Amino acid sequence: MLTLADVAKSYGTRELFSEVSLFVARTDRYGLVGPNGAGKSTLFNLILGEEQPDEGVIEWERGADFGFLPQESAPVGEETVLQIATSGKKLVPENDDDYDIDWTLEPRAKKILAGLGFREEDHEKPAKSFSGGWVMRAHLARLLVSEPALLLLDEPTNHLDLEALLWFQDYLTRYPGGLLIISHDREFLNTLCNGILELKGGTLNKYTGNYDDYLNEKDARREQQAALFKNQQREIAHLQKFVDRFGAKASMASRAKSKEKQIERLKDVAVEEPWEDLKRINFRFPQPPRSGLKVINLEHVQQAYGDHVVYRDLNLEIERGQKIVLVGPNGAGKSTLLKILADVIPIQGGERKLGSNVYPGYFAQNRGDNVKLDLTVLENVMELRTAENQLTEQQARAVLGGFLFRKDDVFKKASVLSGGEKSRLALARLLVNPPNLLLMDEPTTHLDIPSIDALVNALKNYEGTLIFISHDVYFIRTLAQTVLHVHSGRLTPYAGNYDYYLDKSKASSARAALTAGFTDARPKQEKPVAQAPAASKVTKPSPGELKKLRTEVSKLEQRVSELETKQSELTAELEKPETYVQAGRAQHLNRELSATVDLLHAATAEWEAAATKLGELEKA
């Protein structure tokens, strides 16, 4: 369907890539990966014909069509959302002789728009009345409706919320054409791709399988290359030693010359030493000041947007050192909860109490909210100078260098930065005055995979308290120690990591669980007592049934008492200063306490239900 042969592209003296060759069949589903700046988007532009290669040939099979979704949306005019999705084609005949209508077009478009999150009343609205992210969704719908032979998608998940992303990912698994995807989302690449193309160091390498397969094969290739390089260099050194020793002796001159020729032949076929791209984020969070054990409390919080009540009587307590991920359906209030915790929005009722020595830091989903757009990159960091940190320009440049802002890059206005650059600058600002309560909304958006790895490693060593929202399953699995499910104004804690949550929630997949609105699989904290119909009478129980029920109530009461005692003991242990001397002890106790509280709530509800039933039967 598409052939690239020995393609090369340079800008001035900078060569992006050379001798790039690729064959794309109709069943191929490739992920295109590589560090930022390697030339992935440029390669797309060459394939699309928007730029011409310096060398080589790009050929399409006759009749093959393609669809392209760029990272950023083009301006829109007066067309409606439905008109974009249907490419402006006629949906109704203009006269009696007009039969040039595809009657399946409108229903297909509406189904796809619904999958991408549009409501039916949105279809006839002008696209320009929506944000850029929603305009991108409309253009994505247009591509899916037109169903080209090859889809070229450049970071398609950036503008999708989790529910739309899940629908889109599922739709692409059944897509009849080929796929060529630039993405930094591992789960997306793992689900969809049967091949990975790595553009790095000016060359394009092809790997079979999904992203995880690529990582495994890449490691194996690197080890093989390193071993071959080592053996070749050892052989060259051995031959060179002979030449150096006997080259000047007349009797050995011919043999030395032969060895020199052998060295040259070895150098001609020698593999290069394996190398890692050094142009990546490299940083560690300076450890923030230690906070008190109780970091933040929400008590009886009320929050609503107009008539839409998000939270009613919300209670939450966060303790030092916890790493918590918020999951739940779109619109459940995850971002609202994060903003309440960060004090970004005022609460309408109840109390928000910060613990002692707590310094919150908020990393907003809209990267423009995290940086000062009217300042340069360097000014964004230097404005955070305080009497305590005594930040110098040299120190600021060192921090920025770790986030790939080097030389004259630091004088760019933040307003002209790409999404990835804004994300990196926002992270750099966090390093200057690190908070000990870090609240992050989709922190991996716009970051490439090496940068996500760097962020994960930094947060793993972060000793403050972390609460975050993410749709990156790898990021969640690596960091989250506790899962907090948000649904219908209710918070359900899972005192374990993401795999523990998956097991308890019985979700269909790791990604689907992020937006699940399922009924909690564990015992409810509150159980309504079944009321007998008014017309019927309660049958008088036998003495044996009453005795059995009294025994059950007694056992449940004892269980509640035991759990209350355990809760008190764990709380007392956490209040002792010596608990925090032993590494990891407090964290273990916190997890055990959280699990105990869950069990206590469930046991109390069972005891109350059984005691109520016993009381009714004794009166019968």
Side-chain angles (χ1 to χ4, degrees), residues 11 14 35-37 41 71-72 131-133 155 158 184 278-289 335 338-339 341-345 358-448 450-459 461-462 464 466 468:
Y11 292 107
R14 184 191 172 210
N36 285 337
S41 294
Q71 278 196 49
E72 302 298 334
S131 68
E155 294 292 353
N158 275 357
H184 299 140
L278 298 177
K279 190 180 180 184
R280 61 169 64 192
I281 288 182
N282 181 25
F283 73 99
R284 288 175 64 90
F285 275 106
Q287 294 309 336
S335 290
L338 212 60
K339 289 175 181 176
L341 292 168
D343 202 23
V344 172
I345 55 175
V358 174
Y359 304 100
Y362 177 56
F363 192 81
Q365 187 173 3
N366 178 9
R367 298 299 179 254
D369 294 341
N370 297 313
V371 300
K372 301 290 181 67
L373 297 177
D374 57 329
L375 300 182
T376 66
V377 170
L378 182 59
E379 288 168 344
N380 260 280
V381 173
M382 286 303 298
E383 73 146 1
L384 301 174
R385 184 180 188 276
T386 64
E388 286 76 25
N389 64 35
Q390 290 292 309
L391 183 71
T392 66
E393 184 173 324
Q394 185 178 358
Q395 290 170 330
R397 280 177 170 270
V399 170
L400 289 168
F403 289 88
L404 312 184
F405 294 107
R406 293 163 184 161
K407 298 180 180 178
D408 290 342
D409 289 342
V410 301
F411 301 117
K412 287 182 180 177
K413 286 279 190 182
S415 57
V416 303
L417 299 179
S418 67
E421 288 170 327
K422 286 193 181 88
S423 290
R424 300 203 309 264
L425 178 56
L427 287 170
R429 283 171 57 91
L430 282 177
L431 256 66
V432 178
N433 293 313
N436 53 20
L437 171 58
L438 186 51
L439 305 153
M440 308 184 88
D441 197 346
E442 297 291 358
T444 63
T445 303
H446 297 300
L447 291 179
D448 62 10
S451 299
I452 293 171
D453 286 337
L455 178 58
V456 165
N457 289 331
L459 290 173
N461 296 311
Y462 172 68
L466 173 65
F468 67 97

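Since we're looking at a predicted model, the values are computed, not measured.
- Between the CZ atom in F363 and the CG atom in L439 there is a gap of 12.0 Å [rounded to 0.5 Å].
- Rounding to the nearest 0.5 angstrom, the gap separating the CG atom in L400 from the NZ atom in K407 is 15.5 Å.
- Contact between N380 and A414 at its shortest, heavy atoms only, is ND2-CB, 3.7 Å.
- The side-chain heavy atoms of L391 and T386, taken from C-beta on, include no pair separated by under 4.5 Å.
- Counting heavy atoms from C-beta outward, L425 and V381 have side chains that approach closer than 4.5 Å.
- Between the OG1 atom of T444 and the NE2 atom of H184 there is a distance of 10.5 Å, given to the nearest 0.5 Å.
- Between M440 and L459, some side-chain heavy-atom pair lies under the 4.5 Å cut-off.
- At a threshold of 4.5 Å between non-hydrogen side-chain atoms, the residues D343 and P360 do not count as touching.
- Other residues, nucleotides and ligands contribute more than 12 heavy atoms inside 6.0 Å of the CD atom of Q390.
- Taking the side chain as every heavy atom from C-beta outward, K339 and L341 never approach each other to under 4.5 Å.
- Between V416 and K412, the shortest heavy-atom contact is CG2-CB, 4.4 Å.
- A donor-acceptor pair under 3.5 Å is formed between the side chain of Q287 and the backbone N or O of N461.
- Scanning for side-chain hydrogen bond (donor to acceptor under 3.5 Å, both in side chains) contacts around T392 gives Q395, with sequence neighbours left out.
- Residues K422 and L373 form a side-chain contact, since some pair of their non-hydrogen atoms from C-beta on lies under 4.5 Å apart.
- For residues 389-405, the pairs satisfying salt bridge (charged side-chain N to carboxylate O under 4.0 Å, His left out) are E393-R397, with sequence neighbours left out.
- In this structure Y362 satisfies the ring-ring contact (aromatic ring centres under 6.0 Å, His included) test with no other residue, sequence neighbours excluded.
- Residues P434 and Y359 are not in side-chain contact: their nearest non-hydrogen atoms beyond the backbone lie 4.5 Å or more apart.
- Considering only residues two or more places apart in sequence or on other chains, N433 meets the side-chain hydrogen bond (donor to acceptor under 3.5 Å, both in side chains) condition with N389.
- For the atom pair CE (M382) and CG (L375), the distance works out to 12.0 Å, reported to the nearest 0.5 Å.
- Considering only residues two or more places apart in sequence or on other chains, F405 meets the ring-ring contact (aromatic ring centres under 6.0 Å, His included) condition with none of them.
- Screening residues 378-387 for salt bridge (charged side-chain N to carboxylate O under 4.0 Å, His left out), with sequence neighbours left out, gives K372-E383, E383-R429.
- Side-chain contact between T376 and V410 is absent, with no heavy atoms from C-beta onward closer than 4.5 Å.
- Residues P288 and Y462 come closest through the heavy atom pair CG-CE1, 3.8 Å.
- Taking both residues in full, the closest heavy atoms of P435 and G361 are given as CB-N, 3.4 Å, listed atom of the first, atom of the second, then distance.
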